[in-house]
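Before any comments, here is the structure.
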Amino acid sequence: MDKKATLTLNDGKSLDFPVLSGSIGPEVIDIRTLYAKSGMFTYDPGFLSTASCNSSITYIDGDAGVLLYRGYPIEQLAQHCDFLETCYLLLNGELPNARDKDAFVSTVTRHTMVHDQLTRFFTGFRRDAHPMAVLVGVVGALSAFYHDSLDINNPEHRKISAFRLIAKLPTIVAMAYKYNTGQPFVYPRNDLSYSANFMRMMFAVPAEEYKVNPVLVRALDRILILHADHEQNASTSTVRLSGSSGANPFACIAAGIACLWGPAHGGANEAALNMLEEIGDASKIPEFIKQVKDKNSGSKLMGFGHRVYKNYDPRAKLMRETCHEVLNELGLQNDRLFKLAMALEKVALEDEYFVSRKLYPNVDFYSGIVQRALGIPVSMFTCIFSLARTVGWIAQWNEMISDPEQKIGRPRQLYKGAARREVQPIDKR
Ligand code: ACO
């Protein structure tokens, strides 16, 4: 029998609503007819209890600490796949075989260059512009370059836009960095892997040969895999909402980048790194823990806690492992901040305050340390996150456009302003 939920109103009237089941995860009450039946809306700022769409891409079980892309655990993807295989999976629903992978990699690789005219956009920015400001602008500007593929109702157009975005983001992110530092742009090289090419575009200079370090490339690739998608978070919901009006994919991804820029979303790894610098020494940990437990202090243990994960964020475990690999490779086993982070994690995980509130390390606790070791400056952290998340955004956008239930996103409100009143002439106000 079909499940239903019954809402009983004060006047004794009852309304039935269908209960829908996904493949896994909580069931949802389908309230689409609520307003028509009752004249009432639901009130849920921050979407604490609202499923805004149906999706087959990413699944999170926050209590169990599980993250699946298209059903595959993140741990297995991080171990057995590279970032472009993960992109293929997110976009197409299945992992590629060797032939599919070759074709996919070849297409991405051949779209990495940007239109030469696009390089002029960079010079319009001040040299000290935040690279995220540059990224929002330049990615938005891509819409003006690809009039040939902006019909969002054409699956082929959507596919080519996905390739263009995934392929060009590393080039644009690296250009934003080079522009900041005053160094010349480095063009992509088609004989390198996606992540190796990105590192070369970031760190090579014309004066000498750039040597690719496979351990560091693998670490970056893993960062990209771990950040590739995370179901209906703020930036992904922004991309979906922007796209629901029919806006083109480049404009929608620029909107997602803008949302990710906020410190409550993409900026937490920077905050975690700054916090470690501030603590400075393991002897200061007890004092710092005392401070974050005090609600009046206004400070939090950055990189701890998550809206969805009430267990160890599975990405944090992988990031800690990657941290070990990178620091060993660079001979930095005794890295001060990494040691401090591990000591801090240990103290917090044994502390009643954190245990009772189910506060565990999230992905940001270690990702700043890894990126710093790779030579990526703090100001670029959110750009790297944008680069990784672009595939998730575009997969979610594509899924939305293909969904027959898709409608323009239009939330309602609980109005608390003035009721109707009459405008008085200016001399009577
Ligand atoms: N340090 C100290 N106390 C914390 C922390 C923390 N990092 N996180 C939550 N708490 C406390 C809250 O004060 C609250 O305590 P109370 O019940 O006594 O009032 C309780 O734990 C529950 O916290 P909420 O804020 O209700 O949890 P919510 O789900 O709204 O917030 C959030 C999650 C925003 C991530 C929060 O844990 C936080 O601010 N963490 C630090 C910032 C951070 O690392 N953000 C990265 C998120 S991951 C990402 O975006 C990729």
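In each ligand, atom 1 is the first atom listed, and ligand 1 is the first ligand listed. Bear in mind the structure is a predicted one, so any value in this text is a computation, not a measurement.
The protein atom (non-hydrogen) at minimum distance from atom 51 (C) of ligand 1 is Asp364 OD2, 3.4 Å. When only non-hydrogen protein atoms are considered, atom 25 (O) of ligand 1 lies nearest to Lys300 NZ, 3.8 Å. Protein heavy atom in closest approach to atom 1 (N) of ligand 1: Leu301 N, 3.0 Å. Among all non-hydrogen protein atoms, the one lying nearest atom 20 (C) of ligand 1 is Arg357 CD, 3.7 Å. Scanning the protein for heavy atoms near atom 47 (C) of ligand 1, the closest one is Asn362 ND2, 3.7 Å. When hydrogens are left out, the protein atom nearest atom 13 (O) of ligand 1 is Lys295 NZ, 3.2 Å; that is the closest non-hydrogen contact. Closest protein heavy atom to atom 35 (C) of ligand 1: Gly305 O, 3.6 Å. Counting protein heavy atoms only, atom 8 (N) of ligand 1 is closest to Leu359 CD2, 3.6 Å.
The presence of a protein heavy atom under 4.0 Å from atom 32 (C) of ligand 1 is ruled out. Distance remark: protein heavy atom present below 4.0 angstrom from atom 4 (C) of ligand 1. Atom 15 (O) of ligand 1 is approached by the protein to below 4.0 angstrom, counting heavy atoms only. Atom 27 (O) of ligand 1 lies below 4.0 Å from none of the non-hydrogen atoms of the protein. For atom 23 (O) of ligand 1, the nearest protein heavy atom is 4.0 Å or more away.
Every heavy atom of His230 sits 4.0 Å or more from the atoms of ligand 1. Distances shorter than 4.0 angstrom occur between a heavy atom of Lys310 and an atom of ligand 1. At a 4.0 Å cut-off, not a single heavy atom of Phe365 sits close enough to ligand 1 to count as contact.
Annotation: side chain of Leu89 is in contact with side chain of Leu77 (closest heavy-atom distance under 4.5 Å). Taking 4.5 Å as the limit, some side-chain heavy atom of Phe365 sits within range of a side-chain heavy atom of Met275. The shortest distance between side-chain heavy atoms of Leu7 and Leu34 falls below 4.5 Å. Side-chain contact between Leu95 and Tyr88 is absent, with no heavy atoms from C-beta onward closer than 4.5 Å. For the pair Arg315 and Tyr309, the minimum side-chain heavy-atom distance is below 4.5 Å.
Here Asn233 has no heavy atoms under 4.0 Å from ligand 1, in either its backbone or its side chain.
The distance from ligand 1 to the heavy atoms of His265 drops below 4.0 Å at these ligand atoms: 49 (C), 50 (O). Listed by number with element, the atoms of ligand 1 under 4.0 Å from a non-hydrogen atom of Arg307 are 28 (P), 29 (O), 30 (O), 33 (C). Atoms of ligand 1 lying under 4.0 Å from any heavy atom of Gly303, numbered from 1 in the order shown and given with element: 43 (C), 44 (O). Listed by number with element, the atoms of ligand 1 under 4.0 Å from a non-hydrogen atom of Tyr353 are 2 (C), 3 (N), 4 (C), 11 (C), 13 (O).
The pair Arg240-Glu399 counts as a salt bridge, with a side-chain nitrogen and a carboxylate oxygen less than 4.0 angstrom apart. Using a cut-off of 4.0 Å between Lys/Arg side-chain N and Asp/Glu carboxylate O, Lys346 and Glu350 are scored as salt-bridged. Taking the charged nitrogens against the carboxylate oxygens, Asp335 and Arg372 do have a contact shorter than 4.0 Å, which makes a salt bridge. Ion pairing between a basic and an acidic side chain is recognised when a charged N comes within 4.0 Å of a carboxylate O; Lys284 and Glu278 show no such pairing. In this structure, Asp221 pairs ionically with Arg218, as a charged nitrogen and a carboxylate oxygen lie closer than 4.0 Å.
In this structure, Phe304 has its ring center under 6.0 Å from that of Phe354. For Phe163 and Phe104, the gap between ring centers is short of 6.0 Å. With ring centers used as reference points, Phe185 lies under 6.0 Å from Phe122.
Taking distance alone, with nitrogen or oxygen atoms compared against 3.5 Å, Arg315 stays at or beyond that limit from ligand 1. The distance criterion of under 3.5 Å between nitrogen or oxygen atoms is met by Phe304 with respect to ligand 1.
The CD1 atom of Ile74 lies 9.5 Å from the CZ atom of Arg222; values are rounded to the nearest 0.5 Å.
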